[in-house]
Each structure stands twice: as structure tokens, then as C-alpha cells.
**Q** 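Structure incoming, see below.
Everything numeric here is computed off the predicted structure, so don't read it as measured data. So you know, we letter chains A, B, ... as the sequences are listed, proteins then strands, and number each from 1.
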Amino acid sequence: TQLLEQSPQFLSIQEGENLTVYCNSSSVFSSLQWYRQEPGEGPVLLVTVVTGGEVKKLKRLTFQFGDARKDSSLHITAAQPGDTGLYLCAGVVAGTYKYIFGTGTRLKVLA
Amino acid sequence: DTEVTQTPKHLVMGMTNKKSLKCEQHMGHRAMYWYKQKAKKPPELMFVYSYEKLSINESVPSRFSPECPNSSLLNLHLHALQPEDSALYLCASSKGGLSYNEQFFGPGTRLTVL
């Protein structure tokens, strides 16, 4: 079974704190996406990482793809209440057409 | 237009009803997807259409019947559902074939089966 495990599962922090969310697998991925989903809404694409070791920045969010393309991380600097939501990594396992979602990280940022 | 739209937003149906969910995109994407999402869980893939042909069915019960009338539209026909089918149903689209990358999601249909 190909799995994308995210950690932590839940995270509640104060406004202004930094945090990192991890997405790990034993499989190699052709590319990996990160999404944020708010309650009752569909996931919204944040970023795609393709190359091993790639780092992408989106304002206060920094995304990294592992050198072996088996893992990824999302770092948020100075979190704000608007960052609250479910963060999902997802991707296509290399050599397959299988698109799988990570187990999700539920983030709550308190004002 | 970078939106995927879904109707209805909410749907309540009995176990003997027949209803349909609709999804539309005008981004020129050639792959469209149906997902089911239970509370506090990640989306689970149900069906994938690539160039208007059903390419993946993730062993979904026959009470769910997808249809892709054209490259912009995707329907999900529902019949004789069970209460455990209550969930958020998400439609998504992506560019070309089975690349799957960068899926754009609609807001979902919240389905309740009584």
C-alpha cells in the first residue's frame, strides 16, 4: 500500500509562531502538491514541487521536496489565524497513475 | 475562468431517491475527477475521466454512476444510496491526460442520505 503520512495530525498554535508540517512516504513521487482546505470547501492548491531538493516560497510558506522525492515539508513563518485549515499533501507515485492524498494536518492558529 | 463549479451545494435525499451532482469547468482541462470526503479525512478518489472517457473506477459501488457529457461537464448520478454514503463530494479537474498534477477542486456538494 502506498501511503503518504503527514505529521503532526493536529496542531494548535498561537499567532506569530512558526511551524513545520511533514509529508513522508516510502514511495518515490513524480511530483507533489500541497493544498489547504477550509471546512465545507474544496482543497485549494498552494504549490507543486517537482525536482528533488526543490524549495518554493509562497509569502510566509516555504515548501521543500526531499532529495529522493519521497518526502516534503511545509514551513509557515509567523502563523496567522487565516492560516487555519486542513493541509494536505498529494502526488502521483512515480511509474503509476495513482494519485494519493496524505493523511492531513489540521492546523488551528489562535489570535 | 479558473473555477470549478458544483451544484447543488447541499443535497438531502432518501434511500429510494435518484439524484445527480453536477460539475463544470471552463479551463480547457481534459481530466476530471470525483472524490468522496468524510469528515476529518482526506479525499478518496472515486472516478477519473480522461478526454471524456472513464479511465479509473476505484471499485465504487454501482449506486454511483458517473457521466461525462463533454469536456467541460461531469455528472455523478446517485440511486439507492445508503446513510453511510453521506459525505462531501468533490469534483476536480487537471490539464491533459492522466498527469493528475495540480488539480483544481470545486467547493463540493454536501450530501446527506436519510
**Q** Pro43(A) and Leu90(B): which non-hydrogen atoms are nearest, and at how many Å?
**A**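 That closest heavy-atom pairing would be CD-CD1, 3.8 Å.
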**Q** State yes or no: do Leu4(A) and Val50(A) share one hydrophobic cluster built from I, L, V, M, F, W and Y residues joined by side-chain heavy-atom distances below 4.5 Å, directly or via other members?
**A** no
**Q** Take atom NZ of Lys38(B) as the centre, draw a 6.0 Å sphere, and report whether it contains more than 12 heavy atoms from other residues, nucleotides or ligands.
**A**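 Enclosed.
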**Q** Within the supplied structure, the quantity of interest is the number of heavy atoms (other residues, nucleotides, ligands) at a distance under 6.0 Å from Lys19(B) NZ; does it exceed 12?
**A** no
**Q** Is the count of non-hydrogen atoms from other residues, nucleotides or ligands lying under 6.0 Å from Glu17(A) atom CD greater than 12?
**A**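 Counting neighbours around CD of Glu17(A), more than 12 heavy atoms of other residues, nucleotides or ligands fall under 6.0 Å, so yes.
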**Q** Report the distance from atom OG1 of Thr48(A) to atom CD of Gln103(B), rounding to the nearest 0.5 Å.
**A**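 It comes to 10.0 Å.
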**Q** Any side-chain heavy atom of Pro43(B) sitting closer than 4.5 Å to one from Leu88(A)?
**A** yes
**Q** Indicate if Tyr51(B) and Leu73(B) have the same hydrophobic cluster label, given that clusters are the connected sets of ILVMFWY residues with side-chain heavy-atom separations under 4.5 angstrom.
**A**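 The answer is no; the residues belong to distinct hydrophobic clusters.
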**Q** Check whether Lys9(B) gets within reach of chain A through its side chain, its backbone, both or neither, counting any heavy atom under 4.5 Å.
**A** side chain
**Q** Working to the nearest 0.5 Å, report the span between CZ of Phe101(A) and CD of Gln37(B).
**A**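 Here the rounded value is 8.0 Å.
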**Q** Counting only heavy atoms closer than 4.5 Å, note whether Glu44(B) contacts chain A via side chain, backbone, both or neither.
**A** neither
**Q** If you measure from CG on Leu45(A) to CD on Glu102(B), what distance do you get to the nearest 0.5 Å?
**A**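 Answer for the CG-CD pair, Leu45(A) versus Glu102(B), is 5.5 Å.
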**Q** Just do the side chain to side chain contact (heavy atoms under 4.5 Å, CB included) check on Tyr35(A) and Phe105(B) with the steps written out, would you?
**A** CA-CA 10 Å; Tyr35(A) 298 85; Phe105(B) 283 83; 3.7 Å; yes
**Q** Please check if Trp34(B) and Leu54(B) belong to a single hydrophobic cluster, counting links between Ile, Leu, Val, Met, Phe, Trp and Tyr side chain heavy atoms closer than 4.5 Å.
**A** yes
**Q** Shared ILVMFWY cluster between Leu11(A) and Trp34(A), side chains joined below 4.5 angstrom?
**A** yes
**Q** Using non-hydrogen atoms only, which part of Gln37(A) is less than 4.5 Å away from chain B: side chain, backbone, both, or neither?
**A** side chain
